[in-house]
Amino acid sequence: MDTQEKPHILIIDGMALLFRSFFATSAMGHYFPNAAGIPTNGVQGFARHTMTATSLFEPSHLAVCWDMSAHTFRNELFDGYKANRPAPAPELVPQFDMTRSVSELMGWKNYGIQGMEADDLIGSMVSTWDGKADITIVTGDKDLLQLLRPGVRIAFMKKGYNVYDIYTYERFVEEYDIEPQQFIDVKAFTGDTSDGYPGVKGIGPKTALKLIKEYGSIEGVIESLHELTPGMRKKIEEDIDMLHLSRKLAEIHCEIDMNDAIEDLKIPLYDDKVRDLIEQEGYSMIARQAKSLSL
């Protein structure tokens, strides 16, 4: 690679791809069991989705980030964090470890830290490589919009393996008329039903965005409570502790040291040895796609 050329790192939100791949096929009753009868639909979909993304976005380097456990530092802040999420389907449960193993078998660089979410690893990677690499993040999680900056784009999965809704820093600023970092304050007001924290009751996305556009931050809104309507002021005053807590829960932690040598993230060749190992594990669809990429 030309030393003058910036690396282009593709960061994969591992769980997002695994869940999406699982539900895309399980909805039709397709689980692709292996010889032992264990479903592999999520595993194979994840690997194929990742390979397709490397073909589509043409990165020079690749990292896959994982949630390692249900309990993270955010649960210490708030008991109800993600408490409302249903247990995963029994057909999916064995595929968590299997998917991570396949990702390692493929030669992809994997990251997972107990007590941290994949979002925090992705955010720390963006922070570590800011200005030194171009970054494309593949996810389904809108929370990651707060990470946008010049040189970073987020590809939200839409349909199949190759349809994405791509956000750049410029697109975000044009659409929202705030900076990506201010999106954290918007989320603090609205809360997040999927993550189980409420924000301020009665304030939806439009009102939250309007408040942040006008006053810049939560602190700015609180300092200007006297300017708001009595109804709005009452809502915020009644939920002010939850507003501050929601902001802590919404902010992605970007301080983890992710400063591995760029060579560690290089996309591997899917040679005969790798493809044979994949085939032996019973993942014929992954092996076929790997072969087509190595031709």
For the pair [X] (side chain) and [Y] (backbone), establish whether a donor and an acceptor sit closer than 3.5 Å, ignoring hydrogens and angles.
X	Y	result
Asn75	Thr72	yes
Asp185	Ile218	yes
Gln289	Arg48	yes
Gln146	Ala250	yes
Glu238	Lys235	no
Thr207	Ile203	no
Ser60	His8	yes
Arg74	Leu249	yes
Asn84	Thr193	yes

Common cluster, [X]/[Y], ILVMFWY with side-chain heavy-atom separation under 4.5 Å:
X	Y	result
Leu10	Leu269	no
Met242	Ile184	no
Val163	Met51	no
Val102	Val93	no

Does a side-chain heavy-atom distance below 4.5 Å link [X] with [Y]?
X	Y	result
Tyr283	Met98	yes
Lys213	Tyr176	no
Met106	Pro268	no
Phe46	Ile12	yes
Ile178	Val173	no
Gln181	Phe183	no
Ile135	Arg153	no
Glu219	Ser217	yes

From [atom1] ([X]) to [atom2] ([Y]), nearest 0.5 Å:
X	Y	atom1	atom2	result
His49	Tyr161	NE2	OH	7.5 Å
Thr136	Leu62	OG1	CG	11.0 Å
Leu56	Asn162	CG	CG	6.5 Å
Lys109	Cys65	NZ	SG	10.5 Å
Asp67	Lys82	CG	NZ	5.5 Å
Asp141	Ile122	CG	CD1	8.0 Å

A quick test of your reading: do over 12 heavy atoms of other residues, nucleotides or ligands sit less than 6.0 Å from [atom1] of [X]?
X	atom1	result
Lys234	NZ	no
Asn259	CG	yes
Asp264	CG	yes

With sequence neighbours left out, the residues meeting side chain to side chain contact (heavy atoms under 4.5 Å, CB included) with Ser101 are none

Notebook entry, point to check: Under 3.5 Å, is there a donor-acceptor pair between the His71 and Glu76 side chains?
Noted result: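 Looking only at side-chain atoms, Glu76 and His71 do form a donor-acceptor pair, the distance falling under 3.5 Å.
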
| query | Would Glu281 and Thr40 count as having a side-chain donor-acceptor pair, cut-off 3.5 Å? | reply | no

Test log, rule side-chain contact (heavy atoms from CB on, under 4.5 Å), inputs Asp119 and Thr139
CA-CA 10 Å; Asp119 288 8; Thr139 186; 5.7 Å; no

Discussion item. Please evaluate residues Glu179 and Phe172 with respect to the criterion side-chain contact (heavy atoms from CB on, under 4.5 Å), reporting the C-alpha separation (whole Å), side-chain torsions for both, the decisive distance (0.1 Å), and the verdict.
Written reply: CA-CA 8 Å; Glu179 287 292 313; Phe172 177 90; 5.9 Å; no

message = Quick one, Arg100 with Asp97, criterion salt bridge (Lys or Arg N to Asp or Glu O under 4.0 Å). Give me CA distance, side-chain angles, the key distance, then yes/no.
response = CA-CA 5 Å; Arg100 180 88 193 252; Asp97 287 343; over 6 Å; no

> Less than 6.0 Å separating the ring centroids of Tyr164 and Phe156?
Replying inline: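 Distance test on ring centres: not under 6.0 Å, no.
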
For [X], enumerate each residue passing the salt bridge (charged side-chain N to carboxylate O under 4.0 Å, His left out) test, keeping only those at least two apart in sequence or located in another chain.
X	value
Asp192	Lys187
Arg171	Asp165, Glu175
Asp177	none

Could you walk me through whether Arg233 and Glu227 pass salt bridge (Lys or Arg N to Asp or Glu O under 4.0 Å), step by step?
-> CA-CA 9 Å; Arg233 186 163 66 240; Glu227 294 179 19; over 6 Å; no

* Should Met232 and Ile236 be marked as a side-chain contact (heavy atoms from CB on, under 4.5 Å) after you check the CA-CA gap, both sets of side-chain angles, and the distance that decides it? -> CA-CA 6 Å; Met232 181 72 72; Ile236 294 170; 4.1 Å; yes

Closest non-hydrogen atoms of Leu147 and Cys254, given as atom of the first, atom of the second and distance, are CD2-SG, 3.9 Å

Open item on the list: For Tyr270 and Trp108, take the angle between the two ring planes, folded into 0 to 90°, and tell me which bin it lands in: parallel under 30, tilted 30 to 60, perpendicular over 60.
Closed with: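 Tyr270 vs Trp108 ring planes: perpendicular.
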
- Query: What side chain to side chain donor-acceptor pair (under 3.5 Å) pairs are there with at least one residue in residues 22-37, not counting sequence neighbours?
  - Reply: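 Counting only pairs at least two positions apart or across chains, the side chain to side chain donor-acceptor pair (under 3.5 Å) contacts touching residues 22-37 are Thr25-Asn41.
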
Students should find that the hydrophobic cluster of Phe32, defined by side-chain heavy atoms under 4.5 Å apart, otherwise consists of Met285

